[in-house]
Peer 1: 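I have a structure I would like to understand better, so I am pasting it below and will then ask my questions one at a time.
Below, chains carry the letters A, B, ... as their sequence lines are ordered, and counting in each starts from 1. Atoms considered below: every heavy atom in the structure, side chains included; atoms not considered: hydrogens, waters and symmetry mates. Everything quoted here is computed from the prediction, not taken from an experiment.
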Amino acid sequence: MIAPIASVMFLGLVLGLILGYAAKVFHVEGDALVEELIELMPGTNCGQCSFPGCSGAANAIARGEASVDCCPGGGRALAEAIAAKMGVSLGAGGKADSGPKLAQVAEHLCIGCARCFKVCPTDAVIGAAKQIHGVLHGACTGCGSCEKECPTGAIGLEPVPLTLRDWNWTKPALAG
Amino acid sequence: MSAQGMILQTVASPHARAGESVSVVMLKVVATLVPATVYGFWLFGSPAFWLWLITIAAALVGEAVCLRWAGRDPLPLLKDGSALLTGWLLALSLPPWAPWWIGVVGGLFATTLGKQVFGGLGNNLFNPAMIARIALLVSFPVQMTYWVVPAGAPGLFDGLLITLGQMPVPDAMSSATLLGHAKTDLARGVDLLHTELPGHAFNWVGARVGSLGETSTWLIAAGGVALLAMRIITWHVPVAMLAAIAIPAAIGHAADPARYIDWTTHLMSGGAMLGAFFIATDYVTSPSTRAGQVVFGLGCGLLTWVIRTYGGYPEGVAFAVLLMNALTPAIDRLIKPRVYGRTFGGKPAPLQKGKSK
Amino acid sequence: MGLRELLNGVRWGVHPHDDHKRPAADVPLRVMPLPERLCVPLLQHVGAPALPVVAVGERVLRGQLIAAAQGSVSAPVHAPSSGVISAIGEVTAPHPSGLPFAAITIALDGKDEAGDALAPHADPFSLSPAEVSQRIADAGIVGLGGATFPSAPKAQLGLKLAVHTLIINGGECEPYLSSDDSLMRVRADEVIDGVRILMHATGATKALVGIEDNKPEATAAMRRAAEGFAAIEIRPVPARYPMGSDRQLVQVLTGKEVPSGARTASIGVLVNNVSTCAAIHRAVRAGEPLYRRIVTVNGGAVAQPGNVLAPIGVLIEDLLAFVGLKEAPARLVMGGPMMGIALPHAQVPTVKGCGGILALTANEITDVAPSACIRCGSCVKACPMGLLPLELSAHIQAGEYDKAEAKGLDDCLACGCCAYVCPSHVPLVQSFYHAKGEVWKRAQQKKRTEFTKGLAQARTARLEREARERAEAAARRKAERAAQQAAAAASANTAGGASA
């Protein structure tokens, strides 16, 4: 009677020790996921996701408080990458589904107030006070911060026209 | 005729197709089975025909019901011929005078649990016909080993009564297959040199005890050769499988003829030919590369011989094929063709300049 | 493996039962009469688009430069005939999307007045390789087999990497097409001379001309033309698609494989098309820029199929009007049926790389809805690169682009063998195109993200610096003010003290 009890206890002890040791050695930093997500984010801290900066959004996504497609700047590609990292499937629709958009200045409306380029997180808006502004498309993330600042509605997000370079075949639909 | 104002649909290349389709492939396979099947009907009479018909009908019904449940239109998918082929192959592996419900249960099992639960054509892991045969063999061992001698083929109506179980089969007609005899005798301690086989146990033209696919071995082999000629199958699986049965059998027989059956008998008996040409070559459940198919065929053959020789069942083709089916994903993972310009490991091949600078 | 593969040792690819090359290939070459207008695209090659050097309303002559090369990998564009520039703008591109691209439209005057030729040279072998390359570049020559890589930078690369063998591609393995065949039959001397010039430009000592064995007339003509040039060898190769793919042709002719991701020049060979060689001959010897080429017009809907010498930039509808249509085509294809591009309509110009226009009937294209993959492995046996198309497709369907990449998506030639043989009609090539585009898009997005991240960090740093500087300035001012106040107080104290 004693022997089996002892052996089971011994076994439990050894396994417990192994588990405890493994838990210590293979401990994953709680922030590892957040770090990976921050790495994926645009890093512009534009705030359009309504979280304090990209790290704030990454934390919220990691905690499950924000949707994976909350970042307007990252677009569908970022949403898919985050969804893959989080192991969730990205549904159709949502913010990220409307295709890429970049800021565009309507020259006849711009009064050169210089408010937009003060808020641009990537310095993509160029110009000076009393000068018509322009947007460097290569630097614009399409976050939309400038749109909210503009007093005349001259700057706004416009869909990027599809070019031969960007066009792609759709994924073919297969039978069953 | 002018090309002005034309708006055309654009699709990705290629704009030509080889013309084969799944249903054409399946129908060609079925066509190569016809001579062997008809010969079987002639040998065993109308009960074999009725069982064949019932089995195929059950397989088709099973497929149709599952497709309907899955919310798909069954008709176009039934036309691909895969359920027909499954039912046909199963019928060829059954005892020809088995009762009707064997065909019904087997046919339904094959297409529902053997195929549709996995997601339908192309997704099943195991050969549907063989999984149904094994399910029947394990569940109804008596009916599945009740073989008759090919004599006195009854008429069409009498045959139907036999299949429906309304007419008893005379005891004198029942017998065991050659492999069954051998296994029983060895188990009784009678060695193969002293076993007394009944006259109908083996016969070169096929007038012997067995399933439709076992008796008409030559016609099955001819059908297999036709498949090879039509390029529906390649030599890899059948040659590997038959060789892996024949070579160990020949070695064993040479070492101890009293214990091991010779290789010709092995190849001519049971489901060896049907298995090698029609069962193991099933596209869905066999590896997709040439090398993988050779490994698969060798495995099927060797396992068949091992099960026949050392196992509890006299016949092992179905078990062997199912076991190798289970290994197919692993084979496909491990055995891949070398990509052009890459090493076998998949790394870009090292640069070898023809001439130094 | 069938008997044919056993005999010729080629295990990959497909062999269409009817290659539809004849009778079109046997019809004598026709010269297309000048149409009313031409739309000459600016981007007809791999690299940067050419920059227009003419203005709307300007009159141009045949062979005149109308758009100059931009950057090292680019090619100039020349006017195919005389006329007035009527527009510089967008026309529909020969692309399945139907999206526009930039082109120069010339309203032809029908006089076909020739401009000044580029500097012709009677003895190109007295020129340095660099000078020959310059002439090739000036003539706007690009790979005419369809790859359209500018020929001059390619030759220079060959020279730099010291290639020893030129592989001349006369495979023309695509069904229906016979433009290279036709060229070799009627202009074999030009091809051989072009090969010699190219050997001079690249420093290669040997040239192997691979011609599929279904073109005996071309092979005979080329053999005659190559007599007396020991360094040029005419080699018939088995007719098997895709023999005209450079990697496959190099393997068959030299027995060597081009490592994955590397150029053929890395193993000491350079592949050029026979039509490119003929164009090089014309450019260097006669100073003729590349403004016309032989185009096969074929397909069941064409009344008089055959090979047509047509100006580059001719609209497909004009070309089809010249050969006539028997019935409305179900599909228009630029290129061959295996890799060609389906065109959205016929108001699309031809480009330098266009060797064929097909007007196919519904019977010829046999579109069938895809059914489930039955894992038959036909695609695996057909793939000339040794890939597993069924697995790649499954990964792509599941959105696992990285896995598809790991299994060799980049090695895929998009040759179409897999989709051609697939009994389930799975649109494999479309899957691969889609996945390649997706992978490219993601890489672009990643680059962009890194770039904007850098910008954002620079901005944050700038804002911090500005804030710091403001704070420092404020502190300084405060300190100054305090000092002033202290000084004032001190002086007041002193004054008070003095007064006290």
Peer 1: Which atoms of C:Leu360 come close to chain B, meaning under 4.5 Å heavy atom to heavy atom: side chain ones, backbone ones, both, or neither?
Peer 2: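 Just its side chain gets close to chain B.
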Peer 1: With rounding to the nearest 0.5 Å, note down the distance linking CD1 in B:Ile233 to SG in C:Cys376.
Peer 2: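 These two atoms lie 13.0 Å from each other.
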Peer 1: Locate the shortest heavy-atom distance separating B:Ser21 from C:His425; write the atom from each residue and the value.
Peer 2: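 Heavy-atom minimum between the residues: CB-NE2, 3.8 Å.
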Peer 1: What's the spacing between B:Tyr340 OH and C:Leu413 CG if we round to 0.5 Å?
Peer 2: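 Taking OH in B:Tyr340 and CG in C:Leu413, the distance rounds to 9.0 Å.
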Peer 1: Evaluate whether atom CZ of B:Arg338 has more than 12 neighbouring non-hydrogen atoms of other residues, nucleotides or ligands under 6.0 angstrom away.
Peer 2: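 For B:Arg338, atom CZ is crowded (more than 12 foreign heavy atoms under 6.0 Å).
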Peer 1: Any sub-3.5 Å donor-acceptor pair from B:Arg17's side-chain atoms to C:Cys422's backbone N or O?
Peer 2: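 Checking the backbone N and O of C:Cys422 against the side chain of B:Arg17, no donor-acceptor pair under 3.5 Å is found.
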Peer 1: Among C:Gly340, C:Gly261, C:Gly377, C:Gly335, which has the most heavy-atom pairs under 4.5 Å with chain B?
Peer 2: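 Of the candidates given, the most pairs with chain B belong to C:Gly340.
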Peer 1: Please classify the contact between C:Leu343 and chain B as side chain, backbone, both or neither, with a heavy-atom cut-off of under 4.5 Å.
Peer 2: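 Contact with chain B is through the backbone of C:Leu343 alone.
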Peer 1: Side chain from CB out, backbone as N, CA, C, O: work out which of these in C:Ile365 comes under 4.5 Å of a heavy atom of chain B, or both, or neither.
Peer 2: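 The answer is both parts of C:Ile365.
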Peer 1: Could you pull out the closest heavy-atom pair between C:Pro96 and B:Thr10, with the gap in Å?
Peer 2: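 Closest heavy-atom pair between C:Pro96 and B:Thr10: O-OG1, 2.9 Å.
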Peer 1: Of the listed residues (C:Ala414, C:Cys417, C:Pro427, C:Pro423), which shares the most heavy-atom pairs with chain B below a 4.5 Å separation?
Peer 2: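 Maximum pair count with chain B is reached by C:Pro423.
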Peer 1: Given that the side chain runs from C-beta out, which part of C:Tyr420 has a heavy atom under 4.5 Å from chain B: side chain, backbone, both or neither?
Peer 2: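 For C:Tyr420, the contact with chain B is made by backbone and side chain together.
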Peer 1: List the atom of C:Pro259, the atom of B:Pro350, and the distance in Å for their closest heavy-atom pair.
Peer 2: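 That would be CG-O, 4.0 Å.
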Peer 1: Heavy-atom distance under 4.5 Å to chain B: side chain of C:Val258, backbone, both or neither?
Peer 2: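 Contact with chain B: backbone and side chain both.
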Peer 1: Answer whether the closest heavy-atom distance between the side chains of C:Tyr433 and B:Ser13 falls below 4.5 Å.
Peer 2: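 When only atoms from C-beta onward are counted, B:Ser13 and C:Tyr433 do touch, with a gap below 4.5 Å.
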Peer 1: Is chain B contacted by the side chain of C:Pro384, its backbone, both, or neither, given a heavy-atom distance below 4.5 Å?
Peer 2: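 Only the backbone of C:Pro384 comes within 4.5 Å of chain B.
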Peer 1: For the interface with chain B, which of C:Val368, C:Val421, C:Val333 has the highest count of heavy-atom pairs at distances below 4.5 Å?
Peer 2: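 Among C:Val368, C:Val421, C:Val333, the one with the most close pairs to chain B is C:Val333.
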Peer 1: Using every non-hydrogen atom in the two residues, find where C:Gly416 and B:Pro14 come nearest and quote the distance to one decimal.
Peer 2: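 Reported closest heavy-atom pair: O-CG, 3.6 Å.
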Peer 1: For residues C:Ala342 and B:Val11, report the shortest heavy-atom separation together with the two atoms involved.
Peer 2: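 Closest approach of C:Ala342 to B:Val11, heavy atoms only: CB-O, 3.6 Å.
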Peer 1: Taking atom NZ of B:Lys336 and atom CD of C:Glu391, what is their separation to the nearest 0.5 Å?
Peer 2: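 With rounding to 0.5 Å, NZ (B:Lys336) is 5.0 Å from CD (C:Glu391).
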Peer 1: Heavy atoms only: give me the nearest B:Leu8-C:Pro329 pair and the separation to one decimal.
Peer 2: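 Looking at all heavy atoms of both residues, the closest pair is CD2-O, 3.6 Å.
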Peer 1: With a 4.5 Å cut-off on heavy-atom pairs, point out which of B:Ala12, B:Ser288, B:Gly122 contacts chain C the most.
Peer 2: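 It is B:Ser288.
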Peer 1: Between C:Gln430 and chain B, which part of the residue has a heavy atom less than 4.5 Å away: side chain, backbone, both or neither?
Peer 2: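 Both backbone and side chain.
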Peer 1: Kindly compute the distance separating NZ (C:Lys381) from CD (B:Gln293), expressed to the nearest 0.5 Å.
Peer 2: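 These two atoms lie 4.5 Å from each other.
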Peer 1: For chain C, which candidate among B:Ala18, B:Ser286, B:Ala16 shows the most heavy-atom pairs at distances under 4.5 Å?
Peer 2: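 Going by pairs under 4.5 Å, I would pick B:Ala18.
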Peer 1: State which residue, out of B:Thr285, B:Asp282, B:Asp332, fulfils the side-chain hydrogen bond (donor to acceptor under 3.5 Å, both in side chains) condition with C:Arg375.
Peer 2: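 For C:Arg375, the side-chain hydrogen bond (donor to acceptor under 3.5 Å, both in side chains) check succeeds only for B:Asp332.
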Peer 1: Select one option (side chain, backbone, both, neither) describing which atoms of C:Ala330 are under 4.5 Å from chain B's heavy atoms.
Peer 2: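 Contact with chain B involves the backbone of C:Ala330 alone.
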Peer 1: Go through B:Ser82, B:Pro337, B:Gly346 and name the one with the most non-hydrogen pairs under 4.5 angstrom from chain C.
Peer 2: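 Most heavy-atom pairs under 4.5 Å with chain C: B:Pro337.
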Peer 1: So for B:Pro76, is it side chain, backbone, both, or neither that comes closer than 4.5 Å to the heavy atoms of chain C?
Peer 2: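 Neither part.
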Peer 1: Go through the atoms of C:Leu358 and report whether side chain, backbone, both or neither lie under 4.5 Å from a heavy atom of chain B.
Peer 2: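 Interface part for C:Leu358: neither.
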